[in-house]
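Some notes on the structure that comes next.
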Amino acid sequence: MKSARALCVLALLLPALTAGAAEERGKPPTPEERIARLERLLENQGEIISRLDAMQRELQRLQGTLEEQGHDQGLLRQGQLNALRDFDRRLSEIEKTLAASLLARGAQASPAVSATESAGLPETEGAQPDGEASAPPEPAPPAAAAKPPSAKPSVASTEEEASYSEAFKLLKEAHYDKATAAFQDYLKRYPDGANADKAQYWLGETYYVTRRFKESLQTFQAVLEHYPGSDKRPDAALKIGFVHYETGAWADARKALNEVIKNYPGTAVARLADSRLQRMKKEGR
């Protein structure tokens, strides 16, 4: 094996060596000169073969190193890809639940968004996961609680509609802190506004999705207390049960959810309430 490699090397070097000699003398080398040169090269074949073996070993070592690095990089890329896929999946779930609940009807639609359309938001998956939504500063008490509004909302003015639409737009775009401030500002400026009941409900949603359950509970309760004719009352009642569930108040959750089933039989909110009760039962709550 080694002799074969040496002969290959000699075969490659021979033309150059003979050509060099010819150039030096200005004429082709004689057969005796060629034989003498080959004998000298053969005498050094051990050193040449040793160098070739060393180069081969170094090449194999470098190839092994490259393969290890390639494997490590592959694992790193796969880990990054898995993390990105997981993040994309979670983001898609949040976007779907928000789209189902917020985009179904526009901000200026007179009827309230139904419980079926907002079914995604009450679930734990619809809320911001722990650690992902930074806790906003302690908010002021719900605006509607400070001054009970009129049971019959007035006709919305252009300025009022613009204020409500902007707050609702911020909520659809998942700018929760800004949406919270915008809904609070609307309720402060238009406590008897045509959209006051909806603004109160969506304010509670901004608290809910950012896991500020104390403020969320107060705000949903304000919908029931101050807006007896509002279309958002069934949804607010359902969300009260969900808030109790999220905070571990199991008895209060069961009571609130059973009231939803009793007060709104055969509706979407009743079905959602029953579904949550069944879930609690499976969890041993």
Side-chain angles (χ1 to χ4, degrees), residues 101-102 104-105 107-123 126-127 139-154 156 160-161 163-165 167-168 170-172 176 179-247 249 252-253 255-264 267-270 272-273 276:
S101 61
L102 302 179
R105 299 186 185 182
Q108 298 183 16
S110 178
V113 178
S114 68
T116 303
E117 294 167 328
S118 62
L121 281 175
E123 300 296 333
K147 179 183 177 181
S150 171
K152 295 182 179 180
S154 60
E160 178 191 341
E161 283 289 355
S163 177
Y164 176 79
S165 297
F168 194 81
L170 291 170
L171 177 59
K172 289 193 296 182
Y176 300 121
T180 297
F183 281 122
Q184 288 176 335
D185 179 69
Y186 172 90
L187 290 168
K188 180 179 180 181
R189 294 167 58 190
Y190 309 104
D192 299 327
N195 296 308
D197 60 328
K198 293 190 290 290
Q200 188 75 53
Y201 175 82
W202 292 121
L203 175 60
E205 287 284 10
T206 67
Y207 291 140
Y208 184 88
V209 296
T210 53
R211 305 188 68 81
R212 297 160 65 181
F213 295 125
K214 179 180 178 181
E215 293 83 2
S216 180
L217 180 62
Q218 294 174 348
T219 309
F220 288 135
Q221 288 175 336
V223 175
L224 301 183
E225 294 172 2
H226 303 313
Y227 303 97
S230 173
D231 292 334
K232 300 305 295 179
R233 287 176 59 86
D235 294 325
L238 177 68
K239 282 300 182 66
I240 288 173
F242 285 166
V243 170
H244 286 313
Y245 175 88
E246 294 293 344
T247 56
D252 291 335
K255 179 180 178 181
L257 295 172
N258 281 314
E259 287 181 354
V260 171
I261 296 173
K262 177 182 177 181
N263 294 333
Y264 308 102
T267 63
V269 292
L272 290 170
R276 182 55 61 93

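The structure presented is a predicted model; accordingly, all values stated were derived computationally and were not measured.
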Fill in: Check: Y164 and Y190 side chains under 4.5 Å, non-hydrogen atoms
no
Item to complete: Could you pull out the closest heavy-atom pair between K198 and A194, with the gap in Å?
Response: NZ-O, 4.1 Å
Worksheet entry | Gap separating the OG1 atom of T180 from the CD atom of E215, nearest 0.5 angstrom | 9.5 Å
Discussion item. So, taking the atom named CG in N263 and the one named CG in L238, what distance separates them when rounded to the nearest 0.5 Å?
Written reply: 12.0 Å
Worksheet entry | Atom of D185, atom of S163 and distance for their closest heavy-atom approach | OD2-OG, 4.5 Å
Worksheet item: For the atom pair CZ (F213) and OG1 (T247), what is the distance rounded to the nearest 0.5 Å?
Response: 7.5 Å
Discussion item. Would you say that K188 contacts Q184 through its side chain, given a criterion of any heavy-atom pair below 4.5 Å between the two side chains?
Written reply: no
Practice prompt. Verify side chain to side chain contact (heavy atoms under 4.5 Å, CB included) between L217 and H244, making sure each step is shown before the conclusion.
Written response: CA-CA 8 Å; L217 180 62; H244 286 313; 3.8 Å; yes
Item to complete: Tell me whether the guanidinium CZ or amine NZ of K239 lies under 6.0 angstrom from the six-membered ring centre of Y208 and within 45° of its axis.
Response: yes
Worksheet entry | Derivation of the side chain to side chain contact (heavy atoms under 4.5 Å, CB included) call for F183 and L171 | CA-CA 9 Å; F183 281 122; L171 177 59; 4.1 Å; yes
Worksheet entry | Step-by-step side chain to side chain contact (heavy atoms under 4.5 Å, CB included) determination, I261 to V269 | CA-CA 8 Å; I261 296 173; V269 292; over 6 Å; no
Fill in: Smallest separation among heavy atoms of L257 and G241, with atom names
CD2-CA, 4.0 Å
Fill in: Heavy-atom closest pair, residues S216 and G204
OG-O, 3.2 Å
Worksheet item: Closest heavy-atom contact between T210 and T206?
Response: OG1-O, 2.7 Å
Worksheet item: Any idea which heavy atoms bring L187 and A196 closest together, and the distance?
Response: CD2-O, 3.5 Å
Item to complete: Not counting sequence neighbours, which residues clear side-chain contact (heavy atoms from CB on, under 4.5 Å) with E225? List them please.
Response: Q221
Fill in: Which residues share a salt bridge (charged side-chain N to carboxylate O under 4.0 Å, His left out) with D252, sequence neighbours left out
none
Fill in: No-hydrogen, no-angle side-chain donor-acceptor test under 3.5 Å, Y186 and E160
yes
Worksheet item: If we only count heavy atoms from C-beta on, is the R233 to D197 side-chain gap below 4.5 Å?
Response: no
Item to complete: Decide yes or no for L272 and R276: does some side-chain heavy atom of the first lie under 4.5 Å from some side-chain heavy atom of the second?
Response: no
Worksheet item: Mind checking what makes side-chain contact (heavy atoms from CB on, under 4.5 Å) contact with A236, not counting sequence neighbours?
Response: Y201, F220, V223, L224
Discussion item. To the closest 0.5 Å, what do you measure between NZ (K232) and CG (N195)?
Written reply: 11.5 Å
Discussion item. Whether the side chain of T267 engages the backbone of Y264 through a donor-acceptor N/O pair (distance < 3.5 Å, no angle test) should be reported.
Written reply: yes
